[in-house]
*Asks:* 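Sending over a structure as structure tokens; questions will come in a sec.
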Amino acid sequence: MSYLDELNPVQRAAVTTTEGPVLVIAGPGSGKTRVLTYRIAHLLESGVAPWEILTLTFTNKSAREMKDRIEKVVGPRAQQVWAGTFHSIFARILRTEASKIGYPSSFSIYDTDDTTSVLRAIIKEMNLDPNAYNASAIRSRISLCKSNLISPKAYRENTEMMTQDRAARRPYVVDIYEKYVARCQRSGAMDFDDLLFQLYRLFRDNPDKVLEKYQKKFRYIHVDEFQDTNFLQYAILRRLVKYEGSPENVFVVGDDAQSIYAFRGATIDNILDFEKDYPNLKTFKLEQNYRSTHHIVSAANEVISFNRRQLNKTIWTDKEDRHKIKLIKCVTDDEEGRRVADLILEQKHRYHLPNSEIAILYRTNSQSRKFEEHLRRLNLPYRVFGGMSFYQRKEVKDFVAYLRLAVNPSDEEALRRAINFPARGISDATVDKLSALADASNSTMWEAMLDPRLDVTDRAKKSMATFRNMVQDWQKRAATESAYRLAADILKKSGLLDLLKGDTSPEGIGRLENVNAVLDAISEFTDSAAAPAGPETVTATDNSLAAYLQTITLLTDADEKNDSNDHITLMSVHSAKGLEFKSIFVTGLEENLFPSYMALEEPNGLDEERRLFYVAITRAKEFLTLSFAQNRYRFGQIRVSEPSRFLDEIGGQHYELLGGIGSARSTGTMQREAPARASVSGNFTNPRQRALQKSAAPVAIPADFKASPLEDIVPGARVLHLKFGEGKILSVEGPKDNKVATIQFKNDDMPERRIVLKFAKLQVL
DNA sequence: TGACTGTGGGTTTTT
DNA sequence: CCCACAGTCA
């Protein structure tokens, strides 16, 4: 079989070990995807049916790419393999089994916005202070609970969490959580975490032996990016694989060094537990990097060696070097944008790089703007990923809300959105009453509209009756009529179409186009959705309107098609995981930005940031450029930053400091020299030592250091700063919650520093 | 009911 | 700086 010849010995061994549990530790660029796809092809070639193979990925895009690559080896049956994200595959299973856990199979999926909005409503109804109870903060706390299998009941019994909440002065989080769960249930809705959580419940409670059905069905299970799975995902996987007499054909691929989703509950423990849980485990390490040149691989190895806790492996390459890593030092973020854009232009000409081989990466999405400006200036085509996905746009969500309602009238978020947009005489007050009544009688807002106890004007009642009739009509037709025709009619009858047509501004025309694009997408989906075949019933309704609505919620903007245009890619480092480009720009390499100041406060946060940096630089095949700015607009004002410590962790021999106005004009006030020069001048023999020195406090801090309240920070005061030591306040300005002090520090080569008091810890002496 | 204004608050990463 | 929301006015 020829495809096996395209593999190196370790890769081949992994591919052909088809029986029993297998762990593949795969360094960046080591052919991980190739191994995964060829293994599946290999299984298919040896007679395994495509629907017996399950492959779980983290993005739709990588699932799709994988299927396409398998297809190249074995032909169209590859498309029948069960390959998709955890969320989409689980949604599909839940669709089939929903009735067993008290959900309609046309359940709605709440995206992050829907969830936040439900929480906001609950907080309001409970009369809690919306500042203390920040809806999106609570959303992430609930999300983390679900990922760790903590139900509201378990939450209440968990003294640690309850104590935390009391300390944070929001003791009612657990009540919000409880209400939220109840509300989702009665709305027939699942949030992202529910897609995992409810599937876990289904398998745990195992009604009608449903678990056995899937254990038998999925004879070969694969997990990509295993390092990014969370506790809940691991628990589900375990239930599918571990049972009496199981062949335990589970094949997981991951790299602990690329674990970047700990904030979302991912844990490297899963890799360690995996070895314990599966004693027959065979482990393979893919250590040869086929992607990047030697400078890049060495730099990556050096960086990652600063992390303590990691699996032992050595990534190497035999690619020869042509270019050193370039470092761009800028005075401002604007200069960074300009010089990156200029360098891209130069690289394109000199090396004939197509735009599609170039990517600018950054830590936070908000950094994209400066690059956009300067790319536009040079007429370079680009595309920004990570923004709002098509399906999150207002006009699309409005339309989709109506569709959701037609399929699942219990969906309260959809109801709230649709009921009075376009306006039809049902006021906010009425909606509040509906919600309260639904809550009190444990029914839904949809049913509450008919409740005789509802105390609203006759006019409002009439409007609601009309609305209900309209939706009911759609509901009936949803069972029989084609989804496209129904949707087109909904667009008209809802009044949305007229509203959009009335707006002839360019944006308005765009909105109309977007809504029409939804219609096209529906017809494409329902006509052609190639349901994975199989002798079972699991996929029967897969091209329904409900399935479409569930699918789109799980799409990100990276999944959207029209990728044919040749453009430069702008994205966060997180979204770049799994991708590769000839030329990579990693930007904003400054302390408190990359690594992020948020991460620096978390235990192990720095390690995760470092893995993120590792992921960033290993995306590059040939050209790697790093940049930082000494001054950057953040929080509405210019802030001074120092270069990222990560720059110090790469040996000077791999670097080249790029000249430019910025460095020539350099104020010379940087605390540290640029790494290239530092290493060359031999100031620091060993970057590791240097980093360790740096992480230690540079000034003696008394053990009883205690941050003083903001009111005490006034001009003239002498203060102690954790990092810069003793100093004098020259002035304080800015709004009360975002005060900035200008401080002159004693032992500092900067004449003065602007310190954002919100972040700094200062003690008045 | 909708459009406008001011204010206040938040900005890590995503399925 | 930018966004979302609340409150105000027509």
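In the text below, chain A, chain B and the rest are named by the order of the sequence lines, each starting its count at 1.
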*Asks:* Check the orientation of A:Y261 and A:F263. Use parallel for under 30°, tilted for 30 to 60°, and perpendicular for over 60°.
*Replies:* tilted

*Asks:* Would you say the ring centroid of A:H574 lies under 6.0 angstrom from that of A:F385?
*Replies:* no

*Asks:* Checking side chain to side chain donor-acceptor pair (under 3.5 Å) against A:Y110, which of A:D191, A:T115, A:D194, A:D411 comes through?
*Replies:* A:D411

*Asks:* Respond yes when some side-chain nitrogen or oxygen of A:R120 is under 4.0 Å from OP1 or OP2 of C:dA4, and no when none is.
*Replies:* no

*Asks:* Between A:E590 and A:R632, is there a salt bridge with N-O shorter than 4.0 Å?
*Replies:* yes

*Asks:* With the side chain of A:Y633 defined as its heavy atoms from C-beta on, choose the nearest nucleotide among C:dC1, B:dT14, B:dT11.
*Replies:* C:dC1

*Asks:* May I ask you to evaluate whether A:T59 reaches the phosphate of B:dT14, defined as a side-chain N or O under 4.0 Å from OP1 or OP2?
*Replies:* no

*Asks:* Just to be sure I understand the rule, does A:S575 reach a base, reach only the sugar-phosphate, or reach nothing, if contact means heavy atoms closer than 4.0 Å?
*Replies:* sugar-phosphate

*Asks:* Let me know, please, whether A:D193 or A:E609 comes out on the 5' side of the other along DNA chain B by nearest nucleotide.
*Replies:* A:E609

*Asks:* Taking only N and O in the side chain of A:N365, is any of them less than 4.0 Å away from OP1 or OP2 of B:dT13?
*Replies:* yes

*Asks:* For A:Q392 and B:dT14, what is the distance between atoms CD and C1' respectively, to the nearest whole Å?
*Replies:* 10 Å

*Asks:* For A:M598 and B:dT13, give me the distance from atom CE to atom P, rounded to whole Å.
*Replies:* 10 Å

*Asks:* Return the nearest nucleotide to the side chain of A:N134; candidates are B:dG10, B:dT13, C:dC1.
*Replies:* B:dG10

*Asks:* What is the separation between atom CE on A:M571 and atom P on B:dT15, rounded to the nearest whole Å?
*Replies:* 11 Å

*Asks:* Determine whether the aromatic ring of A:F86 stacks with the base of B:dT15, defined as ring centroids separated by less than 5.5 Å and ring planes inclined by less than 30°.
*Replies:* no

*Asks:* For A:E372 and C:dC1, what is the distance between atoms CD and P respectively, to the nearest whole Å?
*Replies:* 17 Å

*Asks:* Look at A:R424 and B:dT1 and indicate whether a side-chain polar atom (N or O) is within less than 4.0 Å of OP1 or OP2.
*Replies:* no

*Asks:* Would you kindly compare A:S366 and A:P422 by the position of their nearest DNA chain B nucleotide and give the one closer to the 5′ end?
*Replies:* A:P422

*Asks:* So, OP1 or OP2 of B:dT14: does either fall under 4.0 Å of a side-chain N or O from A:S572?
*Replies:* yes

*Asks:* What is the distance, rounded to the nearest whole Å, between atom CD of A:Q367 and atom P of C:dC1?
*Replies:* 17 Å

*Asks:* Which listed nucleotide (B:dT15, B:dT13, C:dC1) is nearest to the side chain of A:R369?
*Replies:* C:dC1

*Asks:* How many whole angstroms separate atom CG of A:N230 from atom C1' of B:dT14?
*Replies:* 12 Å

*Asks:* Give the rounded distance in Å between these two atoms: CD of A:E373 and P of C:dC1.
*Replies:* 12 Å

*Asks:* Decide whether A:R95 and A:Q550 meet the rule of one side-chain donor and one side-chain acceptor closer than 3.5 Å.
*Replies:* yes

*Asks:* Could you give the CZ-to-P distance, from A:F192 to B:dT13, as a whole number of Å?
*Replies:* 16 Å

